[in-house]
Protein chains: 2
Amino acid sequence: MGQTFTMDDLRRKLQERQHKMTPQRQTVLQIFLDHPGKHLSAEDVHDILRERKVDIGLATVYRSLELLSELGILQKMEFGDGCSRYEVNTIDPTRHHHHHLICTQCGKVEEFDDDLLENLEQDISKKTGFRVVDHQVKFFGVCKECQAKQ
Amino acid sequence: MGQTFTMDDLRRKLQERQHKMTPQRQTVLQIFLDHPGKHLSAEDVHDILRERKVDIGLATVYRSLELLSELGILQKMEFGDGCSRYEVNTIDPTRHHHHHLICTQCGKVEEFDDDLLENLEQDISKKTGFRVVDHQVKFFGVCKECQAKQ
DNA sequence: TTTTCTGCAAACGATTTGCATACAC
DNA sequence: GTGTATGCAAATCGTTTGCAGAAAA
């Protein structure tokens, strides 16, 4: 449950697909492990790398993010702010991702867990024949803090 | 319920904000009225215009789409295919939008109506203090047709 | 008239790609 | 060694913007 991916998981998954374990890929993953619950963009990652005085080209960051997503280690998501964001995936494939509460005033993204949609998925399959593999839910509104400011 | 926006709605909403009624804006809206249930991108609209031998600059299409969204006539959405898509909004502001079933094989987007999330929104407010204004739900999976092909 | 619009082309920001070199295996 | 990865810069793609002329109000 609280588990997350390790460097060994990365090494194993890379080997399975004849990809190589490189310091760049390790470092990118490490950044996500060091920032649990954060939704980082490629630029964010690149900035953190710069802070750490690690020199990895932005193109390599993009390529690593895509690869890590393909390997199922990262999860790619869009919050409508113009860039793709990533976070470490849940290690248990049977668990769905949490939902996101996006504040339309300050842009903050909170998280919310709920399993209400499991039933809905079965309903959809029955009614439409569509096989649901995953879902993504975003709630738009105003967060507690922004409400207080008004 | 089954109602949709008319050119008079457009004229009225434009006047309220001291914007002008132009043939370009009318034509862009008309395209959406002629394609109910479609999720059109700026390029899509521009292509349809070209088919109809109507010459409207792409920049104007973008500006019209943004304005129509601000007026509440169109609804902007992202399906992760790299561009924003739009469809005519529901005219009844108390009704939430339908959900989308996105096929990860062929990219087709189906629709699905359900009010299950109304309760969930109240739940979120209680637990987190977040005031939910709207939600957006996407289900990813494989559509009936793509399943049949396998 | 006055103000807002349009069209064009240039600018933009996020992301991708071609290619020569460097590195993991 | 061989094949994959990297870094860089250039290319790309959707979208936005500045500006001069055109058209609503």
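In what follows, every chain begins at residue 1, and chains take the letters A, B, ... in the order their sequences are listed.
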Could you check how far CD of B:E78 sits from P of D:dC13, rounded to whole Å?
-> 19 Å
Atom CZ of B:F79 and atom P of D:dG14: how far apart are they, to the nearest Å?
-> 17 Å
Indicate, with a heavy-atom threshold strictly under 4.0 Å, whether A:S41 touches base, sugar-phosphate, or nothing.
-> nothing
Please list, by residue number, the residues of residues 56-65 of chain B whose heavy atoms come closer than 4.0 Å to an atom of DNA chain C; answer none if no residue qualifies.
-> B:I56, B:G57, B:A59, B:T60, B:R63
Taking the side chain from B:R25 and the backbone from B:K20, do they hold a donor-acceptor pair closer than 3.5 Å?
-> yes
Please state whether the phosphate of D:dG7, meaning OP1 or OP2, lies under 4.0 angstrom from any side-chain nitrogen or oxygen of A:Q24.
-> yes
Phosphate contact (C:dA14 OP1 or OP2) by A:S84 side-chain N/O below 4.0 Å = no
Would one find a side-chain N or O of B:T22 under 4.0 angstrom from OP1 or OP2 of D:dA23?
-> no
Check: B:H39/B:E111 side-chain N/O donor and acceptor closer than 3.5 Å | yes
Is a donor on one side and an acceptor on the other found under 3.5 Å between the side chain of B:D34 and the backbone of B:I31?
-> no
So, A:H19 side chain and A:L67 main chain: donor-acceptor pair closer than 3.5 Å or not?
-> no
Nearest-Å distance, CG (A:L67) to C1' (C:dT15)?
-> 16 Å
Given that A:L14 and B:H19 both sit by DNA chain D, which one's nearest nucleotide is further toward the 5' end?
-> A:L14
Here the distance between atom P of C:dG13 and atom NE2 of A:H46, to the nearest Å, is 16 Å
Counting N and O atoms only, with roles assigned by atom type, does the side chain of B:D47 sit under 3.5 Å from a partner on the main chain of B:D44, one being a donor and the other an acceptor?
-> no
Separation of D:dA24 P from B:R11 CZ (nearest whole Å) = 12 Å
Could you tell me whether the side chain of A:S84 reaches within less than 4.5 Å of the side chain of A:M77, counting heavy atoms only?
-> no
Could you give the CD-to-P distance, from B:E43 to D:dT16, as a whole number of Å?
-> 13 Å
Would you call A:D9 and A:R12 a side-chain contact if the rule is heavy atoms closer than 4.5 Å?
-> yes
Pairwise 5' ranking along DNA chain C for B:D55 and B:K20, keeping only the more 5' one | B:K20
Give the rounded distance in Å between these two atoms: CZ of A:R85 and C1' of C:dT15.
-> 15 Å
note: B:L40, atom CG; D:dT15, atom P; distance rounded to Å ~ 13 Å
